Amino acid sequence: MASAPSSLESQSASAIDRLISIMAQLRNPKTGCPWDVAQDFASIAPYTIEEAYEVAEAIAQKDMEALQEELGDLLLQVVFHARMAEEAGLFAFDHVVEGLVDKLIRRHPHVFGDSVGRNQDIHKIWEEAKTAERAAKALKTGASAKMPSILDGVALALPALTRAEKLQNRAAKVGFDWPSPVQVLDKIEEEIGELRAALSQSGADGSQAAIHEEFGDLLFAIVNLGRWLKIDSEQSLRDCNQKFINRFNYIEENIDFNKKTPSLGEMEALWQEAKKIYKK
């Protein structure tokens, strides 16, 4: 017999119902907010991506108060999209939740299935479930003529570094991978050489396209090295960005750019000071 919902669960259900109701009011063509009414999936998508980044930023800053707020903003995006879909007769918020519940149960047979076993290969179970889902989706959309690819489903909207890592991880699962990080380093050096060659032909027609391509190849190889070293390339670059901000702010604190134009040597000296300070 299922237990009665706790007080906290009841409050959460009530809060979500109220949120859904408010969203419906905001989207009311006659009495709602003109800005909310004017939006569509495409116009809201950038805000959805932005809110996801702000969640990640709050986590990186270990700011739990901000995290609570940003999770609310992200939830608003889900409710907004679901409301627009409901208006179009496509699906509603409940369908989103039901689909998620079904997926979680399907991907955790070791928890919800008949054969419960926590010592099973969790990653293998997860990937097998995702592979089956991709095949079923391809069949449903009429794409059965094309063999499902293990690279299917890696979202285009992901940051390029994250997407590169996910694509590489997928390919590695079937053995398409370098034997060790040493070979990846060799590949990076090879890509640097090819970029140098493209730069040396800067006067040739189409050289910018070649530089663009070789630079992308170099980035892709560097992401591959990060994957081998168990480094999240996206987070590593985020941390590096923040380090750059900290050090450049130190330069700004010691030079009034409105009063003088410092030499590169002056700024480099302050940069080195900042490095020592932040290392301490």
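This structure is a prediction, so every number in the text was calculated from the model and none was measured.
Residues passing the ring pair (Phe, Tyr, Trp, His ring centres under 6.0 Å) test with Tyr47 are Trp35, sequence neighbours excluded. A search for side-chain hydrogen bond (donor to acceptor under 3.5 Å, both in side chains) contacts involving Glu213 returns nothing, not counting sequence neighbours. Considering only residues two or more places apart in sequence or on other chains, Lys230 meets the salt bridge (charged side-chain N to carboxylate O under 4.0 Å, His left out) condition with none of them. Scored by the side-chain contact (heavy atoms from CB on, under 4.5 Å) test, Asn224 finds Gln168, Asp177, Trp178, Val184, Arg227, Trp228 as partners (sequence neighbours excluded). By the salt bridge (charged side-chain N to carboxylate O under 4.0 Å, His left out) test, Glu54 pairs with no residue at all, sequence neighbours left out. Applying the side-chain hydrogen bond (donor to acceptor under 3.5 Å, both in side chains) criterion to Ser233, with sequence neighbours excluded, gives no partner residue. Scanning for side-chain hydrogen bond (donor to acceptor under 3.5 Å, both in side chains) contacts around Gln39 gives Ser43, with sequence neighbours left out.
Considering CG of Leu167 and CD of Glu165, their distance stands at 10.5 Å, rounded to 0.5 Å. Distance check, rounded to the nearest 0.5 Å: CD of Glu266 to OG1 of Thr261 gives 10.0 Å. Atom CD1 of Ile211 and atom CG of Leu199 lie 4.5 Å apart (nearest 0.5 Å). Here the CZ atom belonging to Phe112 is positioned 6.0 Å from the CD1 atom belonging to Ile105, to the nearest 0.5 angstrom. For the atom pair CD1 (Ile231) and CD1 (Ile222), the distance works out to 12.0 Å, reported to the nearest 0.5 Å. Interatomic distance, CD1 of Ile22 versus CG of Leu26, reported as 7.5 Å (0.5 Å rounding).
Counting only residues at least two apart or on different chains, the salt bridge (Lys or Arg N to Asp or Glu O under 4.0 Å) pairs with a member in residues 178-189 are Lys187-Glu190, Lys187-Glu191. Within the structure, salt bridge (Lys or Arg N to Asp or Glu O under 4.0 Å) contacts touching residues 22-43 (residues at least two apart or in different chains) are Arg27-Glu87.
Counting all heavy atoms, side chain and backbone alike, Lys260 lies closest to Ile255 at CG-CG2, 4.2 Å. When all heavy atoms are compared, the tightest approach of Leu19 to Val79 is CD2-CG2, 3.6 Å. Closest heavy-atom contact between Ala52 and Leu74: N-CD1, 4.0 Å. Considering all non-hydrogen atoms of both residues, Ile44 and Met84 come closest at CG1-CE, 4.1 Å. The two residues Phe41 and Ala85 have their closest heavy-atom pair at CZ-N, 3.6 Å. A pairwise comparison of heavy atoms in Val96 and Ala82 identifies CG2-CB, 4.4 Å as the closest pair.
Cluster membership for Leu185 and Phe220, using ILVMFWY side-chain heavy atoms within less than 4.5 angstrom, is not shared. Under the 4.5 Å side-chain contact rule for hydrophobic residues, Leu75 and Val101 share a cluster. A single hydrophobic cluster is seen to contain both Leu195 and Leu225, as judged by linkage of ILVMFWY side chains at heavy-atom distances under 4.5 Å, directly or through other members. In this structure, Val223 is not a member of the same hydrophobic cluster as Leu151, with clusters built from ILVMFWY side-chain heavy atoms closer than 4.5 Å. Connection of Phe80 to Val37 is not established within any shared hydrophobic cluster, with ILVMFWY side chains joined at heavy-atom distances below 4.5 Å, either directly or through further cluster members.
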Output, in order, the C-alpha distance, side-chain angles, deciding distance and verdict of side chain to side chain donor-acceptor pair (under 3.5 Å) for Gln183 and Ser180. CA-CA 6 Å; Gln183 281 80 9; Ser180 77; 2.3 Å; yes
Using salt bridge (charged side-chain N to carboxylate O under 4.0 Å, His left out), reason through Glu273 and Arg247 one step at a time and then give a plain yes or no. CA-CA 9 Å; Glu273 287 180 19; Arg247 293 176 182 177; over 6 Å; no
Hey, mind stepping through Leu270 and Glu253 against side-chain contact (heavy atoms from CB on, under 4.5 Å) and telling me if it holds? CA-CA 10 Å; Leu270 288 170; Glu253 290 167 4; over 6 Å; no
Let me see the working for Leu90 and Glu86 under side-chain contact (heavy atoms from CB on, under 4.5 Å), right down to the final yes or no. CA-CA 6 Å; Leu90 301 172; Glu86 184 175 359; over 6 Å; no
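The environment of CZ in Phe257 is crowded: more than 12 heavy-atom neighbours from other residues, nucleotides or ligands sit within 6.0 Å. Few gaps surround OH on Tyr250; more than 12 heavy atoms of other groups in view lie less than 6.0 Å from it.
Within the 3.5 Å criterion, the main-chain N or O of Val78 finds no donor-acceptor partner in the side chain of His81. Between the side chain of Arg163 and the main chain of Val154, a donor-acceptor pair closer than 3.5 Å is present. A donor-acceptor pair under 3.5 Å is absent between the side-chain atoms of His95 and the main chain of Phe91, judged by distance alone.
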Hey, can you pull the donor-acceptor pairs under 3.5 Å for the side chains in residues 238-245, sequence neighbours left out?
{"residue": "Asp239", "atom": "OD1", "partner": "Gln235", "partner atom": "NE2", "Å": "3.0"}
{"residue": "Asn241", "atom": "ND2", "partner": "Leu237", "partner atom": "O", "Å": "3.4"}
{"residue": "Gln242", "atom": "NE2", "partner": "Asn246", "partner atom": "OD1", "Å": "3.1"}

List, one per line, each side-chain donor-acceptor pair under 3.5 Å for residues 62-71, sequence neighbours excluded.
{"residue": "Asp63", "atom": "OD1", "partner": "Glu65", "partner atom": "N", "Å": "3.3"}
{"residue": "Asp63", "atom": "OD1", "partner": "Ala66", "partner atom": "N", "Å": "3.0"}

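Think of Ile49 as one node in a network of Ile, Leu, Val, Met, Phe, Trp and Tyr side chains linked at under 4.5 Å; its network also takes in Tyr53.
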